[in-house]
Amino acid sequence: MQPRVIILVDFDYFFAQIEERKNPYIKDKPVVVCVYSGRSQDSGAVSTANYIARKYGVKSGMPIALAKSKLESVDAAFLPVDYEFYEEVSEKTMTILRGYADRFEQVGIDEAFLDVSQRVGGSFEQAAELAQRTKNDIQTRCELTCSIGIGPNKLVAKIAADAQKPDGLTVVKPDQVESFLVPLPVDRLIGVGVKAKEKMEAMGIRTIGDLAKYDARRLIEIFGRKLGTYFHNASVGIDDEPVQERGEAESISRIATLKEDTRDLNAILDRTDRLCEEVHEDVRQKGVSFKSIGIIAVLTDMSVRSRSKTYENPANELETLRRTAGELFEKLLNESELKLRRVGIKVSNFAKEQKTQKRITSFLGDSES
DNA sequence: GTATGCTTTCGGC
DNA sequence: TTACGGCCGAAAGCATAC
């Protein structure tokens, strides 16, 4: 049987690259795209930075003030995020990429898997040529660079793309998978974050090769059946996940930072009322109803709490959202002593149609035995 | 014991 | 010196039904 040939396209420092394209004047200096929280002058976090800024130690998620201190003596561009614009750019690039694939799967705003097995007839050489043409096309039509990984499955394609950045193209053929993976640190595998990495380190597992040598049954004992099996398979480059189009989002949420930390329910609801309106507007535009309503709270110590409530019947009214959020925040405040720093609203468990107008009960007798 | 559904946390981007 | 976003989906953890 022919091997699958999977391509992962990952745009380089996406938000910052789009800002460079918008204003080429900043291209040769550090560019830091920031989410300003509005609490004070420089409060907020770094979303993305270009490679020049990264050389100075600026990283995603870092406080803006810290990034500024690292770039103290340098002429740098600090810019606010413009999600809507980035989404527009993303849609254009994804439409182009889709044209190069037998099957297509967008992941996040700046990544996509392309299953090209059929059109390259299982040939990794042809896939590499196709990938180069794709890069050229994206460069010409969108003025953007990306890094591409090619492998026999999504797992390997993803790790391959990370191997050379920015503007890279890395091919890992089936017979190269083992030697490619063996020396890499375990946290290059999707699903191995800080927690799993620490646990593995204590078990003497540092590289993917170490993981591959580890007894599979013991992995399952330690991490549970699903995760343990996944880790074992991943360590030897096995992954059967299909490339498939993703549907609509499964949840819609908004979160915001409060002007100051508080436990005052009225102050909290004053802010979340606006978030409810935004979520409600999104829901209205998508034409869906939701069964679950949740709240998110980030406390003073940056720890996160969430609460949610699921209704039997789908709702879509702003009032339901507001009322439920109020109840949930009241409950949360009773269960914790810390002040709240950030607050959020989330709806999920969507129902397509909300035509349950009357007398559902008349159906119950017929369908139940 | 297994399947299913809900709530909460984790972690990638 | 300190400094700290806004999303999303996946998985874990738990309860309940069969």
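Predicted model, so just to flag it, every value in this text is computed and none were measured. Chain letters run A, B, ... following the sequence lines, proteins first and then strands; every chain starts at 1.
Taking atom CG of A:Asp162 as the reference point, atom P of B:dG12 lies 12 Å away to the nearest angstrom. Atom NZ of A:Lys346 is separated from atom P of B:dC10 by 14 Å (rounded to the nearest Å). With rounding to whole Å, A:Tyr311 atom OH is found 15 Å from B:dC6 atom C1'. Remark: C1' of B:dC13 and CE of A:Met62 are 16 Å apart, rounded to the nearest angstrom. Between the CD atom of A:Glu250 and the P atom of B:dG5 there is a distance of 14 Å, given to the nearest Å. At whole-Å resolution of the value, CD in A:Glu312 and P in B:dC6 are 10 Å apart. Taking atom CD on A:Glu105 and atom C1' on B:dC13, their separation rounds to 15 Å, with Å as the unit. One interatomic measurement links the two molecules: CD1 of A:Ile293 to C1' of B:dT7, which rounds to 15 Å at whole-angstrom precision.
Comment: A:Glu337 does not engage A:Arg263 in a salt bridge, judged by the lack of any side-chain N to carboxylate O separation of less than 4.0 angstrom. Using a 4.0 Å cut-off between charged nitrogen and carboxylate oxygen, A:Arg274 and A:Glu277 do not count as a salt-bridge pair.
Taking the six-membered ring for Trp, A:Tyr13 and A:Tyr51 have ring centres closer than 6.0 Å.
The residue A:Gly294 sits apart from the nucleic acid: no heavy atom pair falls under 4.0 Å. When heavy atoms are screened at a 4.0 angstrom cut-off, A:Phe14 is found touching no nucleic acid atom at all. Heavy atoms of A:Gly108 sit nowhere under 4.0 angstrom from any nucleic acid atom. A:Asp110 comes within 4.0 angstrom of the backbone, heavy atoms only, and of no base. When heavy atoms are screened at a 4.0 angstrom cut-off, A:Ile252 is found touching the sugar-phosphate backbone but no base atom. Among the heavy atoms of the strands lying under 4.0 Å from A:Ser47 is at least one base atom, whether or not backbone atoms are also near. Residue contacts for A:Ser306: at a heavy-atom cut-off of 4.0 Å it reaches a base atom on one of the strands shown. Residue A:Arg342 is classed as a base contact, given a heavy-atom separation below 4.0 Å to a base. Within 4.0 Å of A:Lys291, counting heavy atoms only, lies no atom of the nucleic acid at all. In this structure, A:Ser60 reaches neither bases nor backbone, as no heavy-atom distance under 4.0 Å exists between it and the strands shown.
Note: A:Tyr86 and A:Tyr83 have perpendicular aromatic rings, judged against thresholds of 30 and 60 degrees for the angle between ring planes.
The minimum heavy-atom distance between A:Asp239 and A:Arg4, with the atom names listed, is O-NH2, 3.2 Å.
The side chain of A:Lys158 places an N or O atom within less than 4.0 Å of a non-bridging phosphate oxygen (OP1 or OP2) of B:dC13.
Atom CZ of A:Arg39 has more than 12 heavy atoms from other residues, nucleotides or ligands within 6.0 Å. The environment of NZ in A:Lys92 is sparse: at most 12 heavy-atom neighbours from other residues, nucleotides or ligands sit within 6.0 Å.
Residues A:Ala249 and A:Met302 both approach DNA chain C. Their nearest nucleotides, taken by heavy-atom distance, put A:Met302 toward the 5′ side.
When DNA chain C is scanned 5' to 3' for any atom under 4.0 Å from a heavy atom of chain A, the first and last hits are C:dA3 to C:dA12.
Using a 4.5 Å cut-off on side-chain heavy atoms (C-beta onward), A:Tyr36 and A:Ser43 make no contact.
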